[in-house]
Student: 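Sharing a structure, written as structure tokens. Questions coming.
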Number of protein chains: 2
Amino acid sequence: MERPVSAAATTDPVSRRRLQPEERRQQIIDGAVAFFADVGLEGKTRDLAKRLGVTQSLLFNYFSSKDNLIEAVYEHVYLNRLSDDWPRRLTDRTRPLRDRLLDFYAEYSTLIFQYEWMRIFMFSGLAGAELNRRYLEHLGSVILTPLLAEIGAASRTGSRPGMEDLWNLHGGIVYIGIRQHIYRMPCPDDPSEAIEGAIDRFLHAFDVV
Amino acid sequence: MERPVSAAATTDPVSRRRLQPEERRQQIIDGAVAFFADVGLEGKTRDLAKRLGVTQSLLFNYFSSKDNLIEAVYEHVYLNRLSDDWPRRLTDRTRPLRDRLLDFYAEYSTLIFQYEWMRIFMFSGLAGAELNRRYLEHLGSVILTPLLAEIGAASRTGSRPGMEDLWNLHGGIVYIGIRQHIYRMPCPDDPSEAIEGAIDRFLHAFDVV
DNA sequence: GCATTTATAGATCATATGATCAATAAGGGA
DNA sequence: TCCCTTATTGATCATATGATCTATAAATGC
């Protein structure tokens with residue numbers, strides 16, 4: 001086996017010994033995020049150290065175990081991925097629902113359609129990390145559920161989607177990032193047109209003007 | 001680290017020594033598919049052997065290396081996932097396009113919304129296996145591309161989707177399986193209603209009656 | 001029942017891997 | 001410039017892991 005360690009060499013060949021602890025710690029976390037995104041959470045600490053240009057033992061000076069390091073990676077990646085004013089902005093009925101949805105998915109897609117996020121989210125999901133389920137449940141309750149009512153209110157005919165319909169809208173959009181970063185398929189540089197189309201088709205189906 | 005080996009014990013505690021080589025080989029492949037789907041392609045041969053109720057060395061009697069075994073797993077999983085009469089059935093204009101689409105995704109979803117397929121497809125995709133890209137390119141060319149013309153022909157107004165729109169339809173449907181088997185989120189037992197909704201919204205947007 | 005074949009097991013090897021710890025030297029303060 | 005703190009290294013440990021090889025015993029044919 002032995003997965004080929006995409007050895008991008010040291011990130012900064014100049015950086016040498018004796019950084020301030022906080023700086024070094026941050027450097028390790030940043031490097032670990034990039035590294036584990038590349039090779040998966042079973043990437044070897046020696047390979048990560050080589051990439052950082054430090055010794056493997058140094059990692060254990062900053063993190064008590066590899067699991068502990070991965071925890072820090074999770075925190076770094078999952079933190080603030082979903083800014084908490086979106087529930088308010090999505091339900092601000094002074095603006096057309098279409099604009100609100102376009103704004104949300106424009107910002108959200110730039111946040112999540114990133115190599116590190118996409119891949120670490122998927123790796124941790126496959127590994128059964130609780131963080132995934134919690135994140136998606138959070139997304140469902142603070143974003144999708146409020147949207148049920150918004151669409152119902154904005155519909156000319158009062159037709160309302162079910163929760164599963166909203167997951168379908170969401171999934172269709174997220175799948176762009178999956179194709180791009182997980183499957184490494186050729187994808188449009190700018191996904192906003194595809195996203196706009198998906199949103200318009202969805203609103204159209206529920207008679208939102 | 002040391003991922004918890006979901007040790008479901010031996011699959012068949014009765015099965016004992018000296019099977020016919022072909023039978024044993026098949027048993028190993030079947031067990032390996034289930035095992036790697038659970039723990040990922042970096043699962044350890046000793047854990048797989050334990051699950052099968054055989055010794056680890058026996059695996060290497062049937063497969064020259066772990067990579068070789070994984071190749072067999074890929075073949076077993078990827079083979080005939082997309083039956084090749086679908087291009088014809090999808091373009092059979094004697095039937096309503098909606099029926100053709102519903103039929104396709106009904107059958108396709110039962111094929112792919114399975115634990116082993118979903119997870120091994122994702123694991124191999126993350127590992128950069130060429131098989132993934134080829135599979136998706138195949139799907140794009142023999143299923144989605146023909147659908148472009150079908151929708152255009154069936155549209156009252158002649159409006160045609162782009163390729164990216166079809167990936168959006170497809171992705172929204174596939175995402176059900178991702179939520180279920182990768183993220184292990186609660187999902188509807190029967191996805192056909194959600195699929196039907198997605199297809200109808202899509203056709204509706206392109207003025208297909 | 002016996003001999004032969006060979007599927008399977010058990011012991012073992014070489015290396016990889018997470019983790020530890022004492023030794024070293026970089027950098028700041030006097 | 002020297003000293004002292006401590007960030008960093010290098011050697012090392014215990015175990016895990018893919019792979020190999022010989023011994024064993026289950027099935028098959030006579």
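Bear in mind the structure is a predicted one, so any value in this text is a computation, not a measurement. Residue numbers start from 1 in every chain, and the chains themselves are labelled A, B, ... in the order their sequence lines are given, proteins ahead of strands. Heavy-atom basis, side chains included; hydrogens, waters and symmetry copies ignored.
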Student: Counting only distance, no hydrogens or angles, is the base of C/dA7 paired donor-acceptor with the side chain of B/Gln20 under 3.5 Å?
Tutor: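 Under the 3.5 Å cut-off, the side chain and the base do not form any donor-acceptor pair.
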
Student: For A/Glu42 and C/dT17, give me the distance from atom CD to atom P, rounded to whole Å.
Tutor: 11 Å

Student: Would you kindly give the NZ-to-P distance between A/Lys44 and D/dT15, to the nearest whole Å?
Tutor: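 Going from A/Lys44 (NZ) to D/dT15 (P), I get 18 Å.
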
Student: Report the C-alpha distance between B/Glu130 and B/Arg133 in whole Å, list the side-chain angles of each, state the deciding distance to 0.1 Å, and finish with yes or no for salt bridge (charged side-chain N to carboxylate O under 4.0 Å, His left out).
Tutor: CA-CA 6 Å; B/Glu130 200 53 43; B/Arg133 230 186 321 280; 3.3 Å; yes

Student: Say whether, by atom type as modelled, one donor and one acceptor occur between the side chain of B/Lys66 and the main chain of B/Gly43 under 3.5 angstrom.
Tutor: yes

Student: Checking ring pair (Phe, Tyr, Trp, His ring centres under 6.0 Å) against A/Trp117, which of A/Tyr115, A/Phe121, A/Phe113 comes through?
Tutor: A/Phe121

Student: Tell me the interatomic distance from A/Glu22, atom CD, to D/dA7, atom P, rounded to whole angstroms.
Tutor: 11 Å

Student: What integer distance in Å separates B/Phe63:CZ from C/dA7:C1'?
Tutor: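 Rounding to the nearest Å, CZ of B/Phe63 and C1' of C/dA7 are 15 Å apart.
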
Student: Please confirm whether the shortest side-chain N or O distance from A/Thr55 to OP1 or OP2 of D/dT8 is below 4.0 Å.
Tutor: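 Answer no for this pair, as no side-chain N or O of A/Thr55 is under 4.0 Å from OP1 or OP2.
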
Student: Measure CD/B/Glu23 against C1'/C/dT8 and give the value in whole Å, please.
Tutor: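 Distance check: B/Glu23 CD to C/dT8 C1' gives 14 Å.
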
Student: Pick the nucleotide of DNA chain D nearest each of A/Tyr62 and A/Gln56; which residue has the one closer to the 5' end?
Tutor: A/Tyr62

Student: Rounding to a whole Å, what distance do you find between A/Lys50:NZ and C/dA16:P?
Tutor: 10 Å

Student: Which is more 5' along DNA chain C, the nucleotide nearest B/Arg46 or the one nearest B/Pro21? Just name the residue.
Tutor: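 In this pair, the answer is B/Pro21.
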
Student: Checking only heavy atoms, does the side chain of A/Arg18 share a donor-acceptor pair with the base of D/dT5 at less than 3.5 Å?
Tutor: yes

Student: Looking at D/dG10, does its base get a donor-acceptor pair with the side chain of A/Ser57 below 3.5 Å?
Tutor: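 By the distance-only test, yes, there is a pair.
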
Student: Can you tell me the distance, in whole Å, between the CG atom of A/Leu69 and the C1' atom of C/dT17?
Tutor: 15 Å

Student: Does B/Arg98 come within less than 4.0 Å of B/Glu196, counting only side-chain N to carboxylate O?
Tutor: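 Salt bridge present between B/Arg98 and B/Glu196.
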
Student: Check if the side chain of B/Arg24 and the base of C/dT8 share a donor-acceptor pair of N or O atoms closer than 3.5 Å.
Tutor: no

Student: By nearest nucleotide on DNA chain C, pick out whichever of B/Asn61 and A/Phe60 is the more 5' one.
Tutor: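 Nearer the 5' end of the strand: B/Asn61.
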
Student: Parallel, tilted or perpendicular: which one describes the rings of A/Phe104 and A/Tyr108, with boundaries at 30° and 60°?
Tutor: parallel

Student: Rounded to the nearest Å, what distance is computed from the CG atom of residue A/Leu48 to the P atom of nucleotide C/dG18?
Tutor: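 To the nearest whole Å, that distance equals 10 Å.
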
